[in-house]
Protein chains: 2
Amino acid sequence: MTKTRRATERTGVKNMGGEAGAIARLRGALPSLLPAERKVAIYVLENQETTLASSVGEVAMGAQISEATVIRFCRTAGFLGFADLKIGLARELVNPLASTLHEDVSPKDDPSTLARKVFGANIDTLNDTLNSLDPFAVDKAGEMIAHAGKTLIIGVGTSAPIAFDAYTKLMRLGIPVSLQTDAHLMMMEAALLTKNDLILVISHSGATKDPVEAVQVGRKSGGVKVVSITNNSMSPLAAVSDVTLITASRETKFRSEALASRIAQACIADLLYVTIGLKTSKRALASSRKIEDVITAKQF
Amino acid sequence: MTKTRRATERTGVKNMGGEAGAIARLRGALPSLLPAERKVAIYVLENQETTLASSVGEVAMGAQISEATVIRFCRTAGFLGFADLKIGLARELVNPLASTLHEDVSPKDDPSTLARKVFGANIDTLNDTLNSLDPFAVDKAGEMIAHAGKTLIIGVGTSAPIAFDAYTKLMRLGIPVSLQTDAHLMMMEAALLTKNDLILVISHSGATKDPVEAVQVGRKSGGVKVVSITNNSMSPLAAVSDVTLITASRETKFRSEALASRIAQACIADLLYVTIGLKTSKRALASSRKIEDVITAKQF
DNA sequence: TGTTTATGAAGAAAAACTACATCCTTCAAG
DNA sequence: CTTGAAGGATGTAGTTTTTCTTCATAAACA
């Protein structure tokens with residue numbers, strides 16, 4: 001017990017099997033370690049791959065100290081034991097195969113490579129979008145939707161599924177929302193909106209005629225607010241929007257740009273959903289509880 | 001030696017400590033394993049986190065077989081032993097501690113933090129799904145869809161937008177595909193399918209009555225093939241599917257699990273799209289060129 | 001010189017692994 | 001169809017290896 005207390009005092013590590021990454025924990029513990037223990041830490045940090053394949057005895061030999069010290073070190077650094085340290089280390093060591101290769105796909109790719117490329121491309125798209133996205137624009141959009149009398153979501157073609165997706169999300173929150181993916185109907189509904197209302201437009205290019213025209217109708221007749229999700233900040237759509245949320249995407253041969261950006265559009269919709277949910281949490285929680293009850297009845 | 005030879009012959013695994021990812025190796029070995037060994041493989045695949053903290057005895061108990069079988073399995077699957085398997089597994093498992101931001105969102109989060117959390121959660125979901133996804137199942141599904149007489153895509157509720165999304169993608173490839181998100185219509189259309197046809201089902205829980213019933217109708221009346229995208233490998237849906245593609249998702253307070261998995265479902269649809277595109281590249285290229293021409297006419 | 005603390009040696013405990021016995025399954029001969 | 005031999009699959013029990021603990025010794029400091 002005395003020893004345990006000492007170790008804890010020295011390193012300040014509280015919960016074993018702790019919260020920080022293994023390597024960070026090793027480094028962080030370094031200054032407060034006893035000389036013999038520090039030897040272990042240094043050896044492990046310098047021989048990470050080797051350590052994974054070694055036993056306590058081998059590490060002890062490598063670090064020129066006793067086995068007991070290796071074990072003591074593991075505990076001091078906040079691991080449950082030597083095995084735990086190895087597991088923690090392994091989790092951080094990037095699997096060499098996992099590294100993203102985001103060149104284009106090829107018919108020669110085996111299924112596994114293909115999966116990594118496609119998922120990798122989508123992950124890159126999300127990262128790129130996150131980096132270029134203006135969080136305050138999202139916040140403002142959320143605020144506007146949360147306080148709008150009614151929100152009309154529109155999108156045609158490949159953007160229609162995303163509009164649909166956004167609709168199911170906002171609907172869940174219990175806010176007044178409607179969806180139109182038909183060019184004629186969206187224009188009709190837009191014409192009926194007032195200045196308390198809002199149109200949320202999804203359009204990759206931002207240049208598709210139908211949704212832009214619907215927006216213009218809404219603006220002219222009722223003075224509605226407009227939030228758009230698009231890949232093009234210079235587009236006609238952006239020009240008629242109060243808030244524009246921009247996606248970032250790279251085109252590849254088999255996945256046209258429009259396709260790649262959809263995942264980013266969906267993710268922005270997701271972010272809007274969470275943002276609005278937090279702003280209206282009482283209503284949102286009540287709504288999602290009601291929804292869950294109903295859904296359960298629909299299952300086996 | 002005899003035993004080692006047998007194992008090698010059965011699995012075709014050559015280099016121990018091998019080159020493929022651990023999870024891929026486990027899955028790849030599955031079909032050629034003995035019944036008792038397969039139990040271990042299934043247990044490990046379904047309890048990856050638990051396995052990392054378990055001893056041979058605990059895994060044996062969990063999989064309801066002997067310790068010896070666990071060890072034998074490790075060798076058959078191409079690992080040096082149980083410890084090696086654990087290390088391999090740890091290397092692939094996304095370190096839950098590494099994505100510190102993954103905790104739940106809070107009303108106190110500023111817009112920027114919120115954006116990072118939501119995008120981060122979605123990126124994690126994609127990573128998790130990629131790690132647990134069986135690429136060969138995707139390949140097989142792609143093959144089946146590419147050669148099917150006709151593919152009916154179904155999904156209700158929150159899965160409907162994803163079904164819609166999958167529809168627009170496959171449609172682009174020029175393959176015969178239809179979409180039904182209405183419970184009655186999907187059942188009617190399913191009843192008309194023949195054994196050359198295929199149903200692609202999207203259902204997060206895999207337990208929603210309507211799509212499963214539609215699949216049963218299709219199976220009974222026409223003997224159609226079934227591919228499903230779901231989060232639950234043990235679901236009623238999986239039980240009636242020829243190929244099941246599994247998403248991985250973690251639930252958080254404001255983003256129910258069903259919502260989190262949608263991005264993974266969309267990404268799998270994306271992967272199917274690319275897979276099929278490569279298999280039918282001539283037709284696919286011709287189709288997308290035609291589509292691009294038409295779309296341009298719809299823009300400013 | 002006494003006390004505290006760091007370290008290692010040796011042995012206890014636990015885990016991983018092996019050898020073998022038993023129990024199936026299969027298949028061929030009666 | 002039955003029987004039994006052969007071979008393979010699996011579990012039991014024992015062996016080896018590895019991890020961890022205890023305690024004695026050595027070093028540091030007062």
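Below, chain A is the first sequence line, B the second, and so on; all start at residue 1. Basis for what follows: all heavy atoms, side chains included, without hydrogens, waters or symmetry-related copies. This is a predicted model, so every value here is computed, not measured.
- The side chain of S66(B) places no N or O atom within less than 4.0 Å of a non-bridging phosphate oxygen (OP1 or OP2) of dT12(D).
- Screening residues 38-48 of chain A for salt bridge (Lys or Arg N to Asp or Glu O under 4.0 Å), with sequence neighbours left out, gives no hits.
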Please output the side-chain donor-acceptor pairs of residues 191-201 of chain B that fall under 3.5 Å, not counting sequence neighbours, one pair per line with the distance.
| unit_1 | atom_1 | unit_2 | atom_2 | d |
| --- | --- | --- | --- | --- |
| T194(B) | OG1 | N196(B) | N | 3.4 |
| T194(B) | OG1 | D197(B) | OD2 | 3.4 |
| D197(B) | OD1 | K150(B) | N | 3.1 |
| D197(B) | OD2 | T194(B) | N | 2.8 |

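- Residue pairs meeting the salt bridge (Lys or Arg N to Asp or Glu O under 4.0 Å) criterion with at least one member in residues 221-240 of chain B, sequence neighbours excluded, do not occur.
- Distance, F82(B) CZ to dT18(D) P: 16 Å, rounded to whole Å.
- One can place CD of E67(A) at 12 Å from P of dA10(C), the figure rounded to the nearest angstrom.
- For the side chain to side chain contact (heavy atoms under 4.5 Å, CB included) test, residues two or more places apart in sequence or in another chain that qualify with A41(A) are L30(A), L33(A), F73(A).
- Nucleotide dG11(D) holds its C1' atom 14 Å from the CG atom of L34(B), rounded to whole Å.
- Distance from the side chain of I71(A) is smallest to dC20(D) among dT7(C), dC20(D), dA16(C).
- Following rounding to the nearest Å, L80(B) (CG) and dA15(C) (C1') show an atom-to-atom distance of 17 Å.
- Within residues 52-64 of chain B, the residues having any heavy atom under 4.0 Å from DNA chain C are, by residue number, S55(B), V56(B).
- R75(A) places a side-chain N or O within donor-acceptor distance of the main-chain N or O of L80(A), the cut-off being under 3.5 Å.
- Here salt bridge (Lys or Arg N to Asp or Glu O under 4.0 Å) pairs that include residues 55-70 of chain A, with residues two or more places apart or in two chains, number zero.
- Listed nucleotides dG11(D), dG8(C), dT19(D) differ in distance to R72(A); the shortest reach to its side chain belongs to dG8(C).
- Residue contacts for A68(A): at a heavy-atom cut-off of 4.0 Å it reaches a base atom on one of the strands shown.
- L85(B) places its CG atom 10 Å from the P atom of dC17(C), with the value rounded to the nearest Å.
- In this structure, of dT7(C), dC17(C), dA9(D), it is dC17(C) that holds the atom nearest to the side chain of R75(B).
- When the C1' atom of dA16(C) is taken as reference, atom NZ of K86(A) falls 12 Å away, rounded to whole Å.
- F73(A) places its CZ atom 15 Å from the P atom of dG8(C), with the value rounded to the nearest Å.
- Here dG8(C) presents its C1' atom at 10 Å from CD1 of I65(A), a figure rounded to the nearest Å.
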Could you please spell out the steps behind the salt bridge (Lys or Arg N to Asp or Glu O under 4.0 Å) verdict for E49(B) and R91(A)? CA-CA 11 Å; E49(B) 280 292 336; R91(A) 296 183 92 125; 2.5 Å; yes
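- Distances shown here put a side-chain N or O of T69(B) below 4.0 Å from the OP1 or OP2 atom of dG11(D).
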